[in-house]
Enquirer: 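Encoded as structure tokens, here's the structure I'll be asking about.
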Amino acid sequence: MAGMIQIRAVAGEAVTVGDVTVTPCSHALVVRLPIGGFVWNQPTNVLIARGDRTERRPVFDVTMAAGLAALVIGILAGLIVRGARTRREEALA
Amino acid sequence: VSDETTKPAAQPAIDLTAALAQGSEQLNPVAERIFAAAQPGAVYSPPVQSGNYTVITASQVMSGGGFGSGMGFGPTRPGGAEETGAAATPAQAGGGGMGGGGGASGRPVAVIVIGPEGVQIKPIVDPTQIALAGITAWATMAGMFLRMRRRRRD
């Protein structure tokens, strides 16, 4: 099972511009099945090296975060309204 | 006569298996193409230089696929074995097939800009996708409430 599902941290080819070297990194979810497979590769961060200093900056997926937020808010709103209705009906009964 | 009928009929089973094995081998490069999306080169574009600026696009990449094959054997016609008198080894015919499908999608997530101001990571916002996610989530919730209301009324 562990061999079928893998989460790999992969570093891309470093790009050097002047005194700055940028190394892009990503996380890949790889599912290998005997009848096919699935890959989801998501950029995670960028390593910025300038002289002796190395900095890690995240690559934030705003679209995915906003989509997930909309989903979570929708579910929470549903649960809150459902709870409020149940309480009101119990109080009336 | 019955021996002559049964002997050549056993041959297609071997040929079919070999054909399916050959087909599976041909599908291996396709599978490798699917898994090539796990490489960092699939996520980050080659750097593009314009004046003092170098730009790299970071994208989210998804790919998947599946394939399958099957084969079956049976008598050439119902009751064929009895007619030929070869009850132990009836004349057989077979058939097989294979197929597959797959897809890939990519969406730009951010742009990495290397310039005189330093390195900047600028996120790419897709309002259409956000709106679609929001509408789907809220429509599902609205549908659930309507169903709950109807059940209570009933």
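So you know, we letter chains A, B, ... as the sequences are listed, proteins then strands, and number each from 1.
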Enquirer: What distance do A/Gln42 atom CD and B/Met62 atom CE have between them, rounded to the nearest 0.5 Å?
Expert: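 So the gap between those two atoms works out to 8.5 Å.
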Enquirer: Same cluster for A/Val62 and B/Ile112 if Ile/Leu/Val/Met/Phe/Trp/Tyr side chains link at under 4.5 Å?
Expert: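 No, A/Val62 and B/Ile112 fall in different hydrophobic clusters.
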Enquirer: Examine whether an atom of A/Thr44 lies under 4.5 Å from a heavy atom of chain B, and if so say whether it belongs to the side chain, the backbone or both; otherwise answer neither.
Expert: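 The answer is the backbone of A/Thr44.
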Enquirer: Honestly curious: do A/Phe60 and B/Ile121 fall in one hydrophobic cluster under the side-chain, below-4.5 Å linking rule?
Expert: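 A/Phe60 and B/Ile121: separate clusters.
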Enquirer: Relative to chain B, which of A/Ala77, A/Ala69, A/Ala11, A/Gly37 shows the most heavy atom pairs under 4.5 Å?
Expert: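 Most heavy-atom pairs within the cutoff with chain B belong to A/Gly37.
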Enquirer: With no hydrogens and no angle check, is any side-chain donor or acceptor of A/Arg57 less than 3.5 Å from a backbone partner on B/Val119?
Expert: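 Answer holds: yes.
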Enquirer: Are B/Ile114 and B/Val43 co-members of a hydrophobic cluster defined by side-chain heavy atoms under 4.5 Å apart?
Expert: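 Both belong to a single hydrophobic cluster.
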Enquirer: Taking A/Arg32, A/Glu13, A/Arg8, A/His27 one by one, which has the highest count of heavy-atom pairs under 4.5 Å against chain B?
Expert: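 Top count of heavy-atom pairs under 4.5 Å with chain B: A/Arg32.
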Enquirer: With a 4.5 Å cut-off on side-chain heavy-atom distances among I, L, V, M, F, W and Y, is there a chain of contacts connecting A/Leu68 to A/Trp40?
Expert: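 Yes; tracing contacts between hydrophobic side chains, which count when under 4.5 Å, links both residues.
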Enquirer: As an exercise: rank A/Leu71, A/Leu33, A/Ile48 by heavy-atom pairs under 4.5 Å with chain B and give me the winner.
Expert: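 Going by pairs under 4.5 Å, I would pick A/Ile48.
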Enquirer: With clusters defined by side-chain heavy atoms of hydrophobic residues (ILVMFWY) lying less than 4.5 Å apart, directly or transitively, does A/Val31 cluster with B/Val61?
Expert: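 Looking at the clustering, A/Val31 is in a separate group from B/Val61.
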Enquirer: Quick check on B/Gln120: does its CD atom have over 12 non-hydrogen neighbours (other residues, nucleotides or ligands) under 6.0 Å away?
Expert: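 More than 12 heavy atoms, drawn from other residues, nucleotides or ligands, come within 6.0 Å of this atom.
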Enquirer: Please report the shortest heavy-atom distance between B/Gly118 and A/Arg50, naming the atom on each side.
Expert: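 Closest pair (atom of B/Gly118, atom of A/Arg50, distance): CA-NH2, 3.7 Å.
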Enquirer: Looking at side-chain heavy atoms only, is the closest gap between A/Thr63 and B/Ile130 below 4.5 Å?
Expert: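 In short, these two side chains touch, coming nearer than 4.5 Å.
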Enquirer: Can you check whether A/Ile73 reaches B/Trp138 side chain to side chain, under 4.5 Å on heavy atoms?
Expert: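 Side chain of A/Ile73 against side chain of B/Trp138, heavy atoms only: contact under 4.5 Å found.
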Enquirer: For each of B/Ala137, B/Gly65, B/Gly64, tally heavy-atom pairs with chain A at distances under 4.5 Å, and name the one with the top tally.
Expert: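 Of B/Ala137, B/Gly65, B/Gly64, B/Gly65 has the most heavy-atom pairs under 4.5 Å with chain A.
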Enquirer: Among A/Leu29, A/Asn41, A/Val46, single out the residue with the greatest number of heavy-atom pairs under 4.5 Å to chain B.
Expert: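 If we count pairs closer than 4.5 Å to chain B, A/Asn41 comes out on top.
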Enquirer: Within the structure provided, determine whether B/Tyr44 and A/Val59 are in side-chain contact (heavy-atom separation under 4.5 Å).
Expert: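 Yes, close enough: below the 4.5 Å cut-off.
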Enquirer: Give the minimum heavy-atom separation between B/Gly134 and A/Ala70, together with the two atoms involved.
Expert: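 That closest heavy-atom pairing would be CA-CB, 3.7 Å.
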Enquirer: Around atom CD1 of A/Ile7, are there more than 12 heavy atoms of other residues, nucleotides or ligands at under 6.0 Å?
Expert: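 No, not enclosed.
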Enquirer: With only heavy atoms counted, which part of B/Ile56 is less than 4.5 Å from chain A, the side chain, the backbone, both or neither?
Expert: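 It is the side chain, since no backbone atom gets that close.
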Enquirer: Examine whether an atom of B/Thr54 lies under 4.5 Å from a heavy atom of chain A, and if so say whether it belongs to the side chain, the backbone or both; otherwise answer neither.
Expert: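 Just the side chain, heavy atoms under 4.5 Å.
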Enquirer: Quick check on A/Ile35: does its CD1 atom have over 12 non-hydrogen neighbours (other residues, nucleotides or ligands) under 6.0 Å away?
Expert: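 Result for CD1/A/Ile35: open.
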Enquirer: Given heavy-atom pairs under 4.5 angstrom as the criterion, report whether the side chain, backbone, both or neither of A/Asn45 touches chain B.
Expert: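 Interface part for A/Asn45: backbone (N, CA, C, O).
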Enquirer: Please evaluate residues A/Asp61 and B/Arg107 with respect to the criterion side-chain contact (heavy atoms from CB on, under 4.5 Å), reporting the C-alpha separation (whole Å), side-chain torsions for both, the decisive distance (0.1 Å), and the verdict.
Expert: CA-CA 10 Å; A/Asp61 189 349; B/Arg107 180 174 55 81; 2.8 Å; yes
Enquirer: Measure distances from B/Ser59 to the heavy atoms of chain A and classify the residue's part below 4.5 Å as side chain, backbone, both or neither.
Expert: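 Only the backbone of B/Ser59 comes within 4.5 Å of chain A.
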Enquirer: In terms of heavy-atom pairs under 4.5 Å, which option from A/Ala28, A/Pro43, A/Gly36 contacts chain B the most?
Expert: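 Of the candidates given, the most pairs with chain B belong to A/Pro43.
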Enquirer: Picking from B/Gly66, B/Pro123, B/Ser63, B/Ala142, which has the most non-hydrogen pairs under 4.5 angstrom with chain A?
Expert: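 With the most close heavy-atom pairs to chain A, the winner is B/Ser63.
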